[in-house]
There are 2 protein chains.
Amino acid sequence: MEKQTVTIYDVAHKANVSMATVSRVVNGNSNVKPNTRNKVLDVINQLKYHPNAVARGLASKKTTTVGVIIPDVTDMYFASLARGIDDIAAMYKYNIILANSDGKEGKEIHVLNTLLAKQVDGIIFMGNNITDKLRKQFQSTSVPIVLAGSVDIKETEPSINIDYIKAVSEAVNDLVQNGNQKIAFISGPLNQDINSKYRLKGYRYALSKNHITYDQQLVYGIKHSDDLYKVGEKLAQSLIDNHITAAIISDDELAVGVLNGMKAHNVKIPQDFEIITSNDTKLTRMVRPQLSSITQPLYDIGAVAMRLLTKIMDNKKIDDKNILLHYRLVKRDSTK
Amino acid sequence: MEKQTVTIYDVAHKANVSMATVSRVVNGNSNVKPNTRNKVLDVINQLKYHPNAVARGLASKKTTTVGVIIPDVTDMYFASLARGIDDIAAMYKYNIILANSDGKEGKEIHVLNTLLAKQVDGIIFMGNNITDKLRKQFQSTSVPIVLAGSVDIKETEPSINIDYIKAVSEAVNDLVQNGNQKIAFISGPLNQDINSKYRLKGYRYALSKNHITYDQQLVYGIKHSDDLYKVGEKLAQSLIDNHITAAIISDDELAVGVLNGMKAHNVKIPQDFEIITSNDTKLTRMVRPQLSSITQPLYDIGAVAMRLLTKIMDNKKIDDKNILLHYRLVKRDSTK
DNA sequence: ATGAAAGCGCTAACAC
DNA sequence: GTGTTAGCGCTTTCAT
């Protein structure tokens with residue numbers, strides 16, 4: 001009872017045409033007489049013929065699948081991008097192979113190679129850090145790669161991001177305007193470029209603009225952790241001890257942790273402590289007080305990345321390879 | 001400068017062996033003299049040969065990829081399952097093609113067929129409702145399918161779930177023990193079996209056990225919506241008007257909405273209103289008060305589903321095709 | 001232990 | 001407009 005596969009040959013045979021003709025109607029090639037087209041279509045229906053994408057992929061050297069490397073699907077930030085990616089992919093008849101990397105270089109490289117082995121037509125990479133080794137891997141393949149919500153300081157690959165430097169700078173400036181002098185910078189690992197070379201830079205820029213001296217003590221670079229929320233929660237004590245009155249935080253879960261941690265210590269938000277977070281995931285609106293945030297067009301970052309990738313895969317020339325999408329600063333209830 | 005693909009032929013040629021032998025070493029077949037194996041391995045490294053998975057797929061009729069149909073990756077519940085699925089898939093050297101369906105029958109069927117066209121070796125389906133049409137599609141393919149966190153009232157396909165009836169029943173019983181008489185049942189659409197045939201059943205069972213008459217007025221079946229959180233928030237007024245003092249809620253985002261909605265109306269949680277939610281996503285621990293919840297082993301549901309799928313794909317016989325994983329009731333701060 | 005050769009199901013020249 | 005045919009890169013009998 002193995003489902004006997006019906007191939008293009010069977011259809012051709014039964015319809016009294018050549019395989020080429022069947023292939024043409026299946027692929028919507030216009031060079032087919034309406035008559036024969038219908039005949040073929042009929043047989044296709046009778047036989048319940050379904051094209052085999054693997055065979056097609058081997059013959060045409062295109063799989064209409066793209067690889068998507070993501071640190072963790074359960075991270076709202078990346079999941080939101082992934083949704084944008086998949087929607088646009090579907091729109092262009094692509095499928096995505098999704099692979100979690102935990103942001104670990106080893107996994108990233110491994111998964112990149114299996115994706116390549118599967119002959120994906122393109123790759124969208126998400127990750128907080130592009131190491132030299134990884135960059136080298138990127139460059140050693142001819143398969144197009146686009147970075148989504150992920151910076152490459154060397155900008156060797158096309159990418160979609162927001163201007164993290166300016167965004168953070170604006171946020172910090174806001175905090176200063178509200179009267180804060182001791183503002184914490186809380187982010188993921190500082191050995192990740194996005195934190196040290198972008199966000200922290202924006203932070204320092206805003207401080208200097210406002211003639212506030214940079215204090216290393218106020219910089220919290222969280223090391224890689226499975227549960228940023230908990231880390232944030234535990235940070236509260238130190239924040240209080242250091243007499244800090246505000247924070248710019250790079251991750252929403254981390255920010256929620258800080259928020260709850262502070263509240264647990266009876267610190268009033270925003271009266272005694274202000275928070276601005278960075279990703280504007282739906283979390284920001286679910287906690288109380290709602291978190292003020294840099295807003296990013298999460299879905300669009302993914303969507304634009306995928307759209308850009310399709311262009312590159314189609315060999316269309318692209319004008320801008322490192323695109324910055326618009327961000328805004330949304331004041332909710334964690335700022336005065 | 002097109003990257004000239006090096007094939008198994010090139011390796012065979014340069015190593016002075018047949019393609020069959022190269023194939024054997026690549027696939028770890030033991031029938032190769034250590035000597036030749038090493039010779040081949042050497043050449044593989046020199047030539048930087050990488051097997052083409054598409055060609056392999058066509059020849060072997062196995063793609064080592066499985067399709068994963070998910071309503072929405074940005075839904076924490078499903079994303080958590082997806083993570084479990086991918087981890088186990090990776091462990092077994094499978095990749096996953098992830099496709100969002102929005103839980104819409106049309107999309108589900110469409111995506112199922114493109115997955116099949118891509119010759120996936122198996123499929124994991126997640127969705128709140130299995131329609132007759134969908135079930136028919138499932139049955140018309142010989143590709144194994146496993147349902148994860150998704151019930152099929154007819155149990156035609158293998159599935160991994162928790163016992164929703166008992167879980168909800170216990171939760172409601174708890175609410176009654178706490179003195180509540182007017183307990184709302186809040187869930188997604190009641191035309192979805194998981195809500196009407198399972199959860200609601202558990203709710204009614206607990207009520208009758210406690211001699212409380214079932215009141216249709218207290219049953220809130222939310223129609224399909226993009227933003228359950230907002231829906232929940234708006235529900236508060238009605239809950240108050242109906243003098244309801246507790247609720248069992250089927251979705252965490254929905255529950256958070258209700259929680260915040262009630263708080264906005266100055267209703268004290270849990271003193272004046274108790275909430276038990278159902279999925280125990282990390283959201284439950286991020287809001288204040290923290291939500292009491294039925295706890296589900298989210299990651300494991302996905303992991304077990306994938307593991308079961310590998311067994312079926314390997315034609316191993318399976319003992320239990322409809323598996324119920326353990327749940328518990330975790331009392332946090334939204335219950336007395 | 002190794003090789004020869006026939007496909008896997010389709011596409012893409014190229015010819016007519 | 002339609003057909004012929006040579007691959008795409010690999011696995012898998014079947015011999016030896």
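Convention: sequence-line order gives letters A, B, ...; per-chain numbering from 1.
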Taking atom types as modelled and ignoring hydrogens, do the side chains of B:Thr63 and B:Gln119 form a donor-acceptor contact shorter than 3.5 angstrom?
no
Which protein N or O atoms sit under 3.5 Å from an N or O of nucleotides 9-12 of chain D?
{"residue": "D:dG9", "atom": "OP1", "partner": "A:Lys61", "partner atom": "NZ", "Å": "2.8"}
{"residue": "D:dG9", "atom": "OP1", "partner": "B:Thr5", "partner atom": "OG1", "Å": "3.2"}
{"residue": "D:dG9", "atom": "N2", "partner": "B:Ala55", "partner atom": "O", "Å": "3.3"}
{"residue": "D:dC10", "atom": "OP1", "partner": "B:Tyr49", "partner atom": "OH", "Å": "2.5"}
{"residue": "D:dC10", "atom": "OP1", "partner": "B:Asn52", "partner atom": "N", "Å": "3.0"}
{"residue": "D:dC10", "atom": "OP2", "partner": "B:Ile8", "partner atom": "N", "Å": "2.4"}
{"residue": "D:dT11", "atom": "OP1", "partner": "B:Asn27", "partner atom": "OD1", "Å": "3.4"}
{"residue": "D:dT11", "atom": "OP1", "partner": "B:Asn27", "partner atom": "ND2", "Å": "3.1"}
{"residue": "D:dT11", "atom": "OP1", "partner": "B:Arg56", "partner atom": "NE", "Å": "2.8"}
{"residue": "D:dT11", "atom": "OP2", "partner": "B:Ser23", "partner atom": "OG", "Å": "2.7"}

For A:Thr310 and A:Asp314, which I'm curious about, is there any donor-acceptor pair between the side chains at under 3.5 Å?
no
What is the distance, to the nearest angstrom, from the NZ atom on A:Lys118 to the P atom on D:dC8?
23 Å
In whole Å, what is the span from the CG atom of B:Asn31 to the P atom of D:dA15?
18 Å
Please determine whether a side-chain nitrogen or oxygen atom of A:Ser18 lies at a distance below 4.0 Å from atom OP1 or OP2 of D:dT2.
no
What integer distance in Å separates B:His13:NE2 from C:dG3:P?
13 Å
A:Gln137 backbone acceptor or donor facing A:Ser140 side chain under 3.5 Å:
yes
So B:Asn29, base contact, sugar-phosphate only, or nothing? Heavy-atom distance under 4.0 Å.
nothing
Modelled atom types, side-chain donor and acceptor of A:Lys93 and B:Thr114, under 3.5 Å:
no
Within the pair A:Thr21 and D:dT2, is there a side-chain N or O less than 4.0 Å away from OP1 or OP2?
no
Between B:Lys118 and A:Thr64, a side-chain donor and acceptor under 3.5 Å
yes
Testing the 3.5 Å rule here: is there a donor-acceptor pair between the side chains of A:Ser159 and A:Asn322?
yes
Can you check the A:Arg37 CZ to D:dT2 C1' distance for me, whole Å?
13 Å
To the nearest Å, how far apart are B:Asn35 CG and C:dA1 C1'?
12 Å
Rounded interatomic separation in angstrom, taking CG from A:Asp10 and P from C:dG9
9 Å
